[in-house]
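Okay, structure first, notes after.
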Amino acid sequence: MKLLHLLGVFSLLSILAIGGGTAVLPEMKSLTVEHEGWLSDSQFRDIYAIGQLAPGPNMLMVIVIGYRVAGFLGAFVAFAGFFVPACIIAIVTSRIWDHFADSPWRLAIQRGMAPIVVGLMLAGTIAIARTAIVGRDSQICLAFAAVVFIALYFGKKINPALLILAGGVLGLVLLR
Amino acid sequence: MADPASNPAPPPSDGGVSEKISLAEIFLTFLAIGATSFGGGVVAYLRASLVTKKQWLDDEEFLAALEISQALPGLNATNMSVIVGDRLRGIPGAVLAFAGMTLPGAAIVLALGIFYASNSGNANINAVLKGVGAASVGLLLAVTLQIGHKQLEHRLDVTLVALTLVLVSFVHVPLLYVLLTVGPLAILLYRPHPARPLSPDRSGIDKKPAD
């Protein structure tokens, strides 16, 4: 029963993930933390952080959520549920896409959806911030976030992975 | 690629170079990307490998596939993998490209997740993840603003960004309803109009995170 539930939640998230993983983070948190009660706020942040530490897409974090809910089978079901529906949609659409090559609606969809995706990504940022910048260390955490933002937004080509790792090391020193 | 006459190159699925690409090579190529793309920007890794190094696609074909990936649900990294894999070798190509892209990260995430679950009270691990979580907020904001700075220059776009943000983050409207209401509204506002031609916007295309 739990496996079916996992499959339902993550395949819903899969087809709602317009704009990518960051855009669907608020809905993922709302479903897994608030509705289902599978995780606490801080566990959601920890699992997102684990996704940041691995190569490939950060959204592989869904594997850890599935593992916590229902072990190895849960990990597999969450992975398949989150990735397979979107992949099938991508293959089917890509095969018929050329038929719409000249449709002016294609650009209308692109232009119209762009600000929505930005709004959803900002909402995703807020969803993580609400779990990551809280509690007695919130000022230190806010300073971490601000330094990383300034370095990436105003600095020259710094690999974000280095800043993420630095966050982990500084966390070990300052947030224990 | 909106005008086929200006792009006489045949699609890669029609033969040519794709005949020679083995399924093993597809898997290993995507495996290398999946194992090394740390810190976001997987699209840049994909372009370097598929267009520059392997030359399985030209730049136009790459951007066309990216356009599809971004318009659809799902991550750019996995959508691009299955679309390119499918064009090269059909469904088996898509499955192997997807497996290569996700397996290294999936194995590491699962190992870290098991370690995390069995050390839930460990103060050191909690402190590291807290630091990573805080740093991620800065990363997410930087990536979002790099992609979105164009959207924050026009009043209509700013209104749509703000409307979406408020509905999701503060009113807590389920995402499905937001997409089904604000989506059609935005597309209608940008509907095709002879007096107001739209041009494709490809800015920020390499900055999408490996989300």
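Numbered from 1 within each chain, the chains take letters A, B, ... in sequence-line order. Reckoned from all heavy atoms, side chains included, excluding hydrogens, waters and symmetry mates.
For B:Ala106, the parts lying near chain A are the backbone and the side chain together; criterion is any non-hydrogen pair under 4.5 Å. Neither the backbone nor the side chain of B:Ile125 comes within contact range of chain A; no heavy atoms are under 4.5 Å apart. Using a 4.5 Å cut-off between heavy atoms, A:Ala75 touches chain B through its side chain atoms alone. If you measure heavy-atom distances from B:Pro184 to chain A, you find no contacts under 4.5 Å at all. In this structure, the portions of A:Leu122 lying under 4.5 Å from any heavy atom of chain B include both its backbone and its side chain. Using a 4.5 Å cut-off between heavy atoms, B:Ile91 touches chain A through backbone and side chain atoms alike. Interface residue A:Arg68: only side-chain heavy atoms are found under 4.5 Å from chain B. For B:Leu179, the part sitting under 4.5 Å from any heavy atom of chain A is the side chain, from C-beta outward, and nothing else.
Counting heavy-atom pairs under 4.5 Å between each of A:Tyr153, A:Phe154, A:Tyr48 and chain B puts A:Tyr153 at the top. No other option in A:Ile15, A:Ile128, A:Ile91 has as many heavy-atom pairs under 4.5 Å with chain B as A:Ile91. Taking chain B as the reference chain and counting heavy-atom pairs below 4.5 Å, the highest number among A:Phe72, A:Phe144, A:Trp105 is found for A:Trp105. Of the residues considered (A:Leu120, A:Leu162, A:Val169), A:Leu120 shows the highest number of contacts with chain B, using heavy-atom pairs under 4.5 Å. If you tally non-hydrogen atom pairs under 4.5 Å between each of A:Ala86, A:Ala151, A:Ala132, A:Gly168 and chain B, the highest count goes to A:Gly168.
Geometrically, A:Arg106 does not engage B:Tyr190 in a cation-pi contact, judged by NZ or CZ lying under 6.0 Å from the ring centre and within 45° of the ring axis.
Of all heavy-atom pairs spanning A:Leu152 and B:Ala142, the tightest one is CB-CB, 3.8 Å. The nearest pair of heavy atoms linking B:Leu75 to A:Pro57 is CD1-CB, 3.5 Å.
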